[in-house]
Amino acid sequence: MARDIDRKFRLTAAVLGAATHKDLAAAFRRINPATPFDVDRAYKWLQGRAQPRERQIYEDWSKVLGLDRPGQWIADCDTEAFLDEICARHGRDREDLLQRLGEPASRRNRSGSVELAGTFVCYSHAWSPYFRGRLVRGELTVGVESSPNRLPVSYTEVLPTGTLTLKGAMFLSKHGLHIQVGDLTGDAQAITFCLFPAAPPVSVLGGLMLGTTLISPDAQPSVTRVVLVRLPAASPQLRSVDAYLPRQGSVAEDLAQFGLHVGDATAVDLRLSEFFNGSSDGFDQVPVSAYRALADLFDRDWLVGAARRPGSLRVIAGGA
């Protein structure tokens, strides 16, 4: 899945001075006469309704902009990293390009989208009983504002059962940040984040993460503390390593492999440990046995009461 393709194409058009989709297509053909870049499909790409699937388009794209980057980087990077790269390469002003997209600085600063857009590595306590006592790593990608105080997000974990990808939104308020993500088909996981309010430069976010176990014989409601650390750029490696960290593994070392500068690894691990554990274990999960004991108790009383209610005997007998 490529990221923020519509904005990247519009930024590319602004840099090149391409006023129409045909002008943009012509720039691609100058680089590669056989480019798979298609004018008709470009309408959907620039509107965010679809994205190119041919790898060659991204390779041509890098050459169109004269970047010393592989095409895969354009697909993976977030908008801020892309904007930094093309401004440095072509000597352009960031605010000027953003204004050409109809995004004046006053609007973006008010919504906070500039500070929040990017890639975050998420660390939380593993909910699965098979990985109890270990931290699990996820990737949260935050897009640019899609409506007032609402940012599109996606959350990914590379699990032993396969890659879990959930999509949703981040909601901004003066009281905090709330994120809700879920599987588009409704057949998999749904997760809610409740985070402290963000403050510039938003290098880290923290709070609680709520959902149910996925790799487990039972779907147990669970809550854990969670820390989201911003990366300077998207890291392809983040989607190629197992989500579960080794027991007693260093989060500071884990962050370094994804390109984050860590000045004092010992201090980072210490502060993260204090946040995750605090005065308790930083993790809460409803035991199946406790829930089943309640269900057994209340189900019996409910069924006894239902048998005494008029018209309920036939329903109970038919469902037995």
Side-chain angles (χ1 to χ4, degrees), residues 1-16 18 24-25 27-32 34-38 41-42 44-46 48 50-94 97-98 100-101 103 113-122 137-144 151-158 163 165 167 202-203 228-241 254-262:
M1 289 288 293
R3 303 168 58 186
D4 304 333
I5 290 302
D6 54 334
R7 290 191 84 232
K8 291 176 187 174
F9 266 132
R10 287 187 283 125
L11 285 168
T12 299
V15 167
L16 300 177
L24 192 58
F28 274 74
R29 285 196 299 271
R30 284 194 293 270
I31 293 297
N32 177 13
T35 182
F37 187 99
D38 179 81
R41 288 187 297 163
K44 292 184 178 181
W45 297 339
L46 272 78
Q51 57 184 231
R53 299 188 181 278
E54 298 91 339
R55 182 182 298 273
Q56 186 60 48
I57 288 181
Y58 296 98
E59 297 299 332
D60 292 345
W61 196 347
S62 182
K63 294 176 183 177
V64 164
L65 288 169
L67 303 181
D68 186 23
R69 296 278 193 174
Q72 189 63 47
W73 180 84
I74 292 181
D76 292 337
C77 72
D78 58 50
T79 304
E80 294 302 306
F82 182 78
L83 183 58
D84 288 339
E85 188 76 11
I86 61 177
C87 285
R89 175 64 181 83
H90 295 274
R92 302 296 295 271
D93 180 73
R94 289 173 56 91
L97 288 180
L98 289 169
R100 288 173 181 266
L101 300 188
E103 298 179 12
S113 60
V114 168
E115 288 81 4
L116 289 166
T119 300
F120 292 81
V121 187
C122 308
R137 178 201 316 105
E139 175 189 15
L140 185 80
T141 302
V142 183
V144 296
L151 307 178
V153 301
S154 64
Y155 180 74
T156 303
E157 288 181 2
V158 182
T163 300
T165 300
K167 294 185 179 296
V202 197
S203 62
L228 299 78
V229 182
R230 184 197 289 275
L231 292 180
S235 172
Q237 186 178 357
L238 189 54
R239 298 195 179 187
S240 63
V241 292
D254 194 65
L255 286 166
Q257 72 172 319
F258 302 124
L260 183 71
H261 170 71
V262 179

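The shown structure was predicted, so the numbers you read here are calculated from the model rather than taken from an experiment.
- Taking each heavy atom of Ile31 and Lys63 in turn, the nearest pair found is CG2-CB, 3.5 Å.
- Residues Tyr155 and Cys122 form a side-chain contact, since some pair of their non-hydrogen atoms from C-beta on lies under 4.5 Å apart.
- Taking CG from Leu228 and OG from Ser203, the interatomic distance works out to 11.5 Å, rounded to the nearest 0.5 Å.
- Between Glu85 and Arg69, at least one side-chain nitrogen of the basic residue sits less than 4.0 Å from a carboxylate oxygen of the acidic one, meeting the salt-bridge criterion.
- For Asp4 (side chain) and Arg7 (main-chain N/O), no donor-acceptor pair under 3.5 Å exists by modelled atom type.
- Closest approach of Gly118 and Asp78 over heavy atoms only: CA-OD2, 3.4 Å.
- Looking only at side-chain heavy atoms (C-beta outward), Gln257 and Gln237 come within less than 4.5 Å of each other.
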- Message: Would Thr79 and Leu11 count as a side-chain contact (heavy atoms from CB on, under 4.5 Å) here? Give the steps.
- Response: CA-CA 9 Å; Thr79 304; Leu11 285 168; 4.0 Å; yes
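- Here the closest non-hydrogen pair linking Arg55 and Gln72 is NH1-OE1, 3.3 Å.
- Remark: Ile5 CD1 to Phe82 CZ distance equals 8.5 Å, nearest 0.5 Å.
- Between Phe120 and the options Val153, Leu231, Val202, a side-chain contact (heavy atoms from CB on, under 4.5 Å) holds for only Val202.
- Residues satisfying the side chain to side chain contact (heavy atoms under 4.5 Å, CB included) test with Pro36, not counting sequence neighbours, are Glu54, Gln56, Ile57, Asp60.
- A salt bridge is defined here as a Lys NZ or Arg NE, NH1 or NH2 lying under 4.0 Å from an Asp or Glu carboxylate O, and Asp68 with Arg89 fails to meet this definition.
- Using modelled atom types and a 3.5 Å distance limit, the side chains of Thr12 and Trp61 yield a donor-acceptor pair.
- The backbone N or O of Val15 sits less than 3.5 Å from a side-chain atom of Arg92, completing a donor-acceptor pair.
- Applying the side chain to side chain contact (heavy atoms under 4.5 Å, CB included) rule to Glu139 yields the partners Arg3, Thr119, Thr141, Thr156, Leu238, Arg239; only residues at least two apart in sequence or on another chain are considered.
- Scanning both residues, Val142 and Leu116, for their nearest heavy atoms gives CB-O, 3.4 Å.
- When every heavy atom of Pro232 is checked against every heavy atom of Leu260, the shortest pair comes out as CD-CD1, 4.0 Å.
- The aromatic ring centres of Phe9 and Phe37 sit less than 6.0 Å apart.
- Among all heavy-atom pairs drawn from Cys77 and Ala234, the shortest one is CA-CB, 4.0 Å.
- Scored by the side chain to side chain contact (heavy atoms under 4.5 Å, CB included) test, Asp93 finds Glu95, Asp96 as partners (sequence neighbours excluded).
- Looking at heavy atoms from C-beta onward, Phe258 lies out of side-chain contact with Val229 at the 4.5 angstrom threshold.
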- Query: Which is it for Arg94 and Glu80 under the salt bridge (Lys or Arg N to Asp or Glu O under 4.0 Å) test, yes or no, and what are the steps along the way?
  - Reply: CA-CA 10 Å; Arg94 289 173 56 91; Glu80 294 302 306; 2.7 Å; yes
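- Panel note: side chain Tyr58, backbone Pro52; a donor-acceptor pair is recorded below 3.5 Å.
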- Could you walk me through whether Ile86 and Lys8 pass the side-chain contact (heavy atoms from CB on, under 4.5 Å) check? CA-CA 10 Å; Ile86 61 177; Lys8 291 176 187 174; over 6 Å; no
